[in-house]
Protein chains: 2
Amino acid sequence: MGTTKTEHFTNKQNQIAALAKALGHPARVAIIEYLLKVNACICGDIVNELPLAQPTVSQHLKELKNAGMIKGNIEGNAICYCIDEKMIDKLLNYFTNISTKLTKQKNNCC
Amino acid sequence: MGTTKTEHFTNKQNQIAALAKALGHPARVAIIEYLLKVNACICGDIVNELPLAQPTVSQHLKELKNAGMIKGNIEGNAICYCIDEKMIDKLLNYFTNISTKLTKQKNNCC
DNA sequence: TTTGTATATTGCAATATTATGATAAAGATT
DNA sequence: AATCTTTATCATAATATTGCAATATACAAA
(Lines give C-alpha, C1' and ligand atoms only; values in the text may rest on other atoms or scores of the structure.)
Protein backbone atom coordinates (compact mmCIF):
# COMPACT_ATOMS: atom_id res chain seq x y z
CA MET A 1 0.00 0.00 0.00
CA GLY A 2 1.00 3.63 -0.17
CA THR A 3 1.59 3.04 -3.87
CA THR A 4 -0.74 4.54 -6.45
CA LYS A 5 -2.36 1.85 -8.61
CA THR A 6 -1.47 3.52 -11.89
CA GLU A 7 -1.94 0.31 -13.86
CA HIS A 8 -5.68 0.47 -13.29
CA PHE A 9 -6.11 3.81 -14.97
CA THR A 10 -5.74 4.99 -18.54
CA ASN A 11 -2.54 6.49 -19.88
CA LYS A 12 -4.22 9.83 -20.28
CA GLN A 13 -5.52 9.82 -16.73
CA ASN A 14 -2.07 8.98 -15.43
CA GLN A 15 -0.53 11.64 -17.61
CA ILE A 16 -2.87 14.39 -16.47
CA ALA A 17 -2.45 13.30 -12.87
CA ALA A 18 1.34 13.41 -13.23
CA LEU A 19 1.25 16.93 -14.65
CA ALA A 20 -1.17 18.09 -11.97
CA LYS A 21 0.93 16.49 -9.29
CA ALA A 22 3.99 18.34 -10.55
CA LEU A 23 2.12 21.59 -9.88
CA GLY A 24 0.74 20.26 -6.62
CA HIS A 25 3.29 22.04 -4.48
CA PRO A 26 3.48 25.80 -3.95
CA ALA A 27 7.25 25.82 -4.46
CA ARG A 28 6.81 24.33 -7.91
CA VAL A 29 4.02 26.78 -8.72
CA ALA A 30 6.36 29.55 -7.59
CA ILE A 31 9.13 28.23 -9.83
CA ILE A 32 6.84 28.19 -12.87
CA GLU A 33 5.64 31.71 -12.07
CA TYR A 34 9.20 32.92 -11.67
CA LEU A 35 10.28 31.41 -14.97
CA LEU A 36 7.29 33.13 -16.54
CA LYS A 37 8.01 36.46 -14.89
CA VAL A 38 11.64 36.75 -15.89
CA ASN A 39 10.66 35.81 -19.44
CA ALA A 40 12.34 32.96 -21.23
CA CYS A 41 14.99 31.20 -19.26
CA ILE A 42 17.19 32.94 -16.83
CA CYS A 43 19.84 30.86 -15.27
CA GLY A 44 21.01 30.72 -11.75
CA ASP A 45 18.86 32.73 -9.45
CA ILE A 46 15.97 30.36 -8.93
CA VAL A 47 17.43 29.25 -5.63
CA ASN A 48 17.69 32.83 -4.35
CA GLU A 49 14.07 33.49 -5.26
CA LEU A 50 12.68 30.68 -3.14
CA PRO A 51 12.49 30.41 0.65
CA LEU A 52 13.98 26.93 0.58
CA ALA A 53 17.43 25.44 0.81
CA GLN A 54 19.33 24.75 -2.39
CA PRO A 55 18.95 20.94 -2.33
CA THR A 56 15.22 21.30 -1.85
CA VAL A 57 14.90 23.63 -4.81
CA SER A 58 17.05 21.32 -6.89
CA GLN A 59 14.71 18.47 -6.06
CA HIS A 60 11.61 20.46 -7.01
CA LEU A 61 13.25 21.42 -10.30
CA LYS A 62 13.99 17.77 -10.94
CA GLU A 63 10.36 16.86 -10.41
CA LEU A 64 9.15 19.58 -12.72
CA LYS A 65 11.63 18.36 -15.30
CA ASN A 66 10.59 14.73 -14.91
CA ALA A 67 6.99 15.73 -15.45
CA GLY A 68 8.09 17.61 -18.58
CA MET A 69 6.89 20.96 -17.27
CA ILE A 70 10.29 22.57 -17.69
CA LYS A 71 13.27 22.05 -19.95
CA GLY A 72 16.86 22.58 -18.89
CA ASN A 73 19.97 23.47 -20.85
CA ILE A 74 23.49 23.41 -19.52
CA GLU A 75 25.19 26.77 -20.03
CA GLY A 76 28.64 26.98 -18.63
CA ASN A 77 28.47 26.10 -14.97
CA ALA A 78 24.86 27.21 -14.71
CA ILE A 79 21.73 25.49 -15.92
CA CYS A 80 19.13 27.33 -17.86
CA TYR A 81 15.57 26.31 -17.17
CA CYS A 82 12.42 27.30 -18.97
CA ILE A 83 8.78 26.30 -19.19
CA ASP A 84 7.79 23.70 -21.73
CA GLU A 85 4.82 25.24 -23.49
CA LYS A 86 3.56 21.87 -24.71
CA MET A 87 2.73 20.70 -21.20
CA ILE A 88 0.97 23.91 -20.24
CA ASP A 89 -1.07 23.58 -23.41
CA LYS A 90 -1.88 19.97 -22.57
CA LEU A 91 -3.36 21.11 -19.26
CA LEU A 92 -5.03 24.08 -20.88
CA ASN A 93 -6.73 21.85 -23.44
CA TYR A 94 -7.81 19.43 -20.78
CA PHE A 95 -9.49 22.05 -18.62
CA THR A 96 -10.95 23.84 -21.62
CA ASN A 97 -12.59 20.59 -22.64
CA ILE A 98 -14.01 19.99 -19.17
CA SER A 99 -15.25 23.56 -18.88
CA THR A 100 -16.93 23.41 -22.28
CA LYS A 101 -18.71 20.19 -21.46
CA LEU A 102 -19.83 21.53 -18.09
CA THR A 103 -21.25 24.67 -19.64
CA LYS A 104 -23.09 22.71 -22.30
CA GLN A 105 -24.76 20.41 -19.86
CA LYS A 106 -25.33 23.13 -17.23
CA ASN A 107 -25.20 20.68 -14.36
CA ASN A 108 -27.96 22.25 -12.30
CA CYS A 109 -28.34 19.79 -9.48
CA CYS A 110 -26.05 20.51 -6.55
CA MET B 1 10.33 18.06 7.66
CA GLY B 2 7.90 16.26 5.43
CA THR B 3 5.64 19.27 5.83
CA THR B 4 5.17 21.72 3.01
CA LYS B 5 6.21 25.25 4.00
CA THR B 6 2.97 26.84 2.84
CA GLU B 7 3.52 29.94 4.94
CA HIS B 8 6.38 31.00 2.69
CA PHE B 9 4.27 31.17 -0.44
CA THR B 10 1.44 33.43 -1.54
CA ASN B 11 -2.20 32.51 -1.01
CA LYS B 12 -2.70 32.17 -4.72
CA GLN B 13 0.28 29.89 -5.11
CA ASN B 14 -0.99 27.71 -2.30
CA GLN B 15 -4.47 27.71 -3.77
CA ILE B 16 -3.36 26.67 -7.24
CA ALA B 17 -1.08 24.04 -5.74
CA ALA B 18 -3.97 22.66 -3.66
CA LEU B 19 -6.23 22.41 -6.71
CA ALA B 20 -3.49 20.82 -8.78
CA LYS B 21 -2.69 18.42 -5.98
CA ALA B 22 -6.34 17.36 -5.82
CA LEU B 23 -6.02 16.28 -9.45
CA GLY B 24 -2.61 14.79 -8.83
CA HIS B 25 -3.89 11.23 -8.57
CA PRO B 26 -5.31 9.20 -11.45
CA ALA B 27 -8.23 7.97 -9.33
CA ARG B 28 -9.31 11.56 -8.73
CA VAL B 29 -8.89 12.41 -12.41
CA ALA B 30 -11.03 9.35 -13.18
CA ILE B 31 -13.68 10.52 -10.71
CA ILE B 32 -13.87 13.94 -12.33
CA GLU B 33 -14.06 12.38 -15.78
CA TYR B 34 -16.80 10.03 -14.66
CA LEU B 35 -18.86 12.85 -13.14
CA LEU B 36 -18.42 14.68 -16.42
CA LYS B 37 -19.36 11.68 -18.54
CA VAL B 38 -22.59 10.82 -16.75
CA ASN B 39 -23.57 14.49 -16.91
CA ALA B 40 -24.57 16.36 -13.78
CA CYS B 41 -24.50 14.36 -10.62
CA ILE B 42 -25.32 10.73 -10.51
CA CYS B 43 -25.35 9.19 -7.10
CA GLY B 44 -23.99 5.94 -5.95
CA ASP B 45 -22.05 4.18 -8.61
CA ILE B 46 -18.77 5.99 -8.38
CA VAL B 47 -17.37 3.17 -6.28
CA ASN B 48 -18.32 0.54 -8.88
CA GLU B 49 -16.64 2.56 -11.60
CA LEU B 50 -13.26 2.60 -9.95
CA PRO B 51 -10.78 -0.23 -9.46
CA LEU B 52 -10.37 0.62 -5.80
CA ALA B 53 -11.97 -0.42 -2.55
CA GLN B 54 -14.86 1.62 -1.21
CA PRO B 55 -12.98 3.30 1.65
CA THR B 56 -10.27 4.38 -0.79
CA VAL B 57 -12.79 5.93 -3.14
CA SER B 58 -14.51 7.62 -0.23
CA GLN B 59 -11.20 9.13 0.80
CA HIS B 60 -10.47 10.40 -2.72
CA LEU B 61 -13.92 11.95 -2.88
CA LYS B 62 -13.25 13.65 0.43
CA GLU B 63 -10.05 15.15 -0.89
CA LEU B 64 -11.72 16.41 -4.03
CA LYS B 65 -14.41 17.93 -1.86
CA ASN B 66 -11.91 19.54 0.50
CA ALA B 67 -10.18 21.10 -2.46
CA GLY B 68 -13.55 22.39 -3.66
CA MET B 69 -13.40 20.45 -6.92
CA ILE B 70 -16.69 18.68 -6.27
CA LYS B 71 -19.86 19.42 -4.34
CA GLY B 72 -21.91 16.79 -2.54
CA ASN B 73 -25.58 16.66 -1.64
CA ILE B 74 -27.18 14.12 0.62
CA GLU B 75 -30.06 12.37 -1.13
CA GLY B 76 -31.67 9.66 0.90
CA ASN B 77 -29.00 7.21 1.87
CA ALA B 78 -26.89 8.08 -1.12
CA ILE B 79 -24.74 11.11 -1.72
CA CYS B 80 -24.90 13.03 -4.93
CA TYR B 81 -21.61 14.45 -6.14
CA CYS B 82 -20.92 16.83 -8.96
CA ILE B 83 -18.11 18.99 -10.31
CA ASP B 84 -17.79 22.53 -9.05
CA GLU B 85 -17.41 24.58 -12.20
CA LYS B 86 -15.81 27.48 -10.36
CA MET B 87 -12.71 25.50 -9.54
CA ILE B 88 -12.28 24.14 -13.03
CA ASP B 89 -12.57 27.71 -14.29
CA LYS B 90 -10.00 28.86 -11.78
CA LEU B 91 -7.52 26.36 -13.19
CA LEU B 92 -8.56 27.15 -16.73
CA ASN B 93 -7.93 30.85 -16.18
CA TYR B 94 -4.61 30.16 -14.59
CA PHE B 95 -3.30 28.07 -17.48
CA THR B 96 -4.81 30.38 -20.08
CA ASN B 97 -2.89 33.23 -18.51
CA ILE B 98 0.37 31.28 -18.51
CA SER B 99 -0.13 30.11 -22.08
CA THR B 100 -0.90 33.63 -23.29
CA LYS B 101 2.20 35.06 -21.65
CA LEU B 102 4.36 32.26 -23.03
CA THR B 103 3.10 32.83 -26.56
CA LYS B 104 3.66 36.57 -26.32
CA GLN B 105 7.23 36.26 -25.18
CA LYS B 106 7.98 33.29 -27.45
CA ASN B 107 10.60 31.88 -25.11
CA ASN B 108 13.01 30.80 -27.77
CA CYS B 109 15.96 29.65 -25.77
CA CYS B 110 15.78 26.02 -24.72
C1' DT C 1 46.28 24.23 -10.25
C1' DT C 2 43.80 26.09 -6.59
C1' DT C 3 39.68 28.55 -5.50
C1' DG C 4 35.11 29.94 -6.26
C1' DT C 5 30.39 29.30 -7.90
C1' DA C 6 26.36 26.75 -9.27
C1' DT C 7 23.85 22.66 -9.37
C1' DA C 8 23.16 17.68 -8.20
C1' DT C 9 23.21 13.73 -5.21
C1' DT C 10 23.23 11.23 -0.86
C1' DG C 11 21.48 10.15 3.51
C1' DC C 12 18.31 10.83 6.77
C1' DA C 13 14.31 12.49 9.68
C1' DA C 14 9.60 14.03 9.83
C1' DT C 15 5.34 13.95 7.84
C1' DA C 16 1.87 12.84 4.17
C1' DT C 17 -0.39 9.84 1.05
C1' DT C 18 -2.40 5.61 -0.63
C1' DA C 19 -4.86 1.60 0.20
C1' DT C 20 -7.68 -1.66 2.67
C1' DG C 21 -10.24 -4.50 6.29
C1' DA C 22 -13.22 -3.75 9.94
C1' DT C 23 -16.66 -1.15 11.66
C1' DA C 24 -19.94 2.61 12.24
C1' DA C 25 -23.74 5.55 10.79
C1' DA C 26 -27.96 6.56 8.51
C1' DG C 27 -31.59 6.24 5.65
C1' DA C 28 -34.39 2.60 2.82
C1' DT C 29 -36.81 -1.73 2.53
C1' DT C 30 -39.09 -5.61 4.01
C1' DA D 1 -37.91 -3.96 14.36
C1' DA D 2 -34.63 -6.50 11.54
C1' DT D 3 -32.16 -6.14 7.40
C1' DC D 4 -30.15 -4.11 3.35
C1' DT D 5 -27.63 -0.52 1.03
C1' DT D 6 -24.66 3.21 0.81
C1' DT D 7 -21.22 6.14 2.45
C1' DA D 8 -17.97 7.51 6.21
C1' DT D 9 -14.56 6.70 9.69
C1' DC D 10 -10.96 4.16 12.20
C1' DA D 11 -6.83 1.68 12.54
C1' DT D 12 -3.00 0.21 10.36
C1' DA D 13 0.61 -0.97 6.93
C1' DA D 14 3.32 0.31 3.01
C1' DT D 15 5.20 3.76 0.41
C1' DA D 16 5.97 8.66 -1.06
C1' DT D 17 7.04 13.37 -0.25
C1' DT D 18 9.28 17.26 1.82
C1' DG D 19 13.20 19.39 3.59
C1' DC D 20 17.95 19.99 4.72
C1' DA D 21 23.00 19.18 6.06
C1' DA D 22 26.80 17.22 4.06
C1' DT D 23 29.05 16.15 0.13
C1' DA D 24 29.98 15.56 -4.74
C1' DT D 25 30.37 17.31 -9.39
C1' DA D 26 31.58 20.40 -12.96
C1' DC D 27 32.77 24.31 -15.00
C1' DA D 28 34.92 29.20 -14.39
C1' DA D 29 38.31 32.23 -12.91
C1' DA D 30 42.28 33.65 -10.61
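Throughout, a chain's letter reflects where its sequence line sits, starting with A, and its residues are numbered from 1. Small disclaimer: the values here were computed from a predicted structure and weren't measured.
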Rounded distance in Å - [atom1] ([X]) to [atom2] ([N]):
{"X": "B:His8", "N": "D:dC20", "atom1": "NE2", "atom2": "C1'", "result": "13 Å"}
{"X": "B:Leu61", "N": "D:dT6", "atom1": "CG", "atom2": "P", "result": "15 Å"}
{"X": "B:Ile79", "N": "D:dT7", "atom1": "CD1", "atom2": "P", "result": "7 Å"}
{"X": "B:Phe9", "N": "D:dG19", "atom1": "CZ", "atom2": "C1'", "result": "11 Å"}
{"X": "B:Glu49", "N": "D:dT6", "atom1": "CD", "atom2": "P", "result": "14 Å"}
{"X": "B:Ile31", "N": "D:dT7", "atom1": "CD1", "atom2": "P", "result": "12 Å"}
{"X": "A:Glu63", "N": "D:dT17", "atom1": "CD", "atom2": "C1'", "result": "7 Å"}
{"X": "A:Leu52", "N": "D:dG19", "atom1": "CG", "atom2": "P", "result": "5 Å"}

Given [N], is OP1 or OP2 found less than 4.0 Å from the side-chain N or O atoms of [X]?
{"X": "B:Tyr81", "N": "D:dA8", "answer": "yes"}
{"X": "A:Lys62", "N": "C:dT7", "answer": "no"}
{"X": "A:His60", "N": "D:dT17", "answer": "no"}
{"X": "A:Lys21", "N": "D:dT17", "answer": "yes"}

(request) List the atom of B:Phe9, the atom of A:Leu52, and the distance in Å for their closest heavy-atom pair. (result) CZ-CD1, 4.0 Å
(request) Compare all side-chain heavy atoms of A:Ile88 with those of A:Met69 and state whether any distance is below 4.5 angstrom. (result) yes
(message) Do B:Asn97 and B:Lys101 have side chains that approach each other closer than 4.5 Å (heavy atoms only, starting at C-beta)?
(response) yes
Name the nucleic acid region contacted by [X], choosing base, sugar-phosphate or nothing; use a 4.0 angstrom heavy-atom cut-off, strictly under.
{"X": "B:Ser58", "answer": "base"}
{"X": "A:Lys65", "answer": "nothing"}
{"X": "A:Thr56", "answer": "base"}

(request) Starting from the 5' end of DNA chain C, give me the residue, B:Ala27 or A:Val57, whose nearest nucleotide shows up first. (result) A:Val57
(request) Would you sort out whether B:Phe95 and B:Ile16 count as a side-chain contact (heavy atoms from CB on, under 4.5 Å), showing the intermediate values? (result) CA-CA 10 Å; B:Phe95 291 118; B:Ile16 291 294; 5.7 Å; no
(request) Would you mind telling me which residue lines up with the more 5' stretch of DNA chain D, A:Pro55 or B:Pro55, judged by nearest nucleotide? (result) B:Pro55
(request) Hey, which sits more toward the 5' end of DNA chain D by its nearest nucleotide, A:Gln54 or A:Arg28? (result) A:Arg28
(message) What I want to check is whether an N or O donor and acceptor connect the side chain of B:Gln59 with the base of D:dA8 at under 3.5 Å.
(response) no
(request) Using the side-chain contact (heavy atoms from CB on, under 4.5 Å) rule, take A:Leu91 and B:Ile98 through it: C-alpha gap first, then chi angles, then the decisive distance, then the call. (result) CA-CA 11 Å; A:Leu91 286 169; B:Ile98 291 184; over 6 Å; no
(message) Taking the minimum atom-to-atom distance to the side chain of B:Thr3, which one of C:dT18, D:dG19, C:dA16 wins?
(response) C:dA16
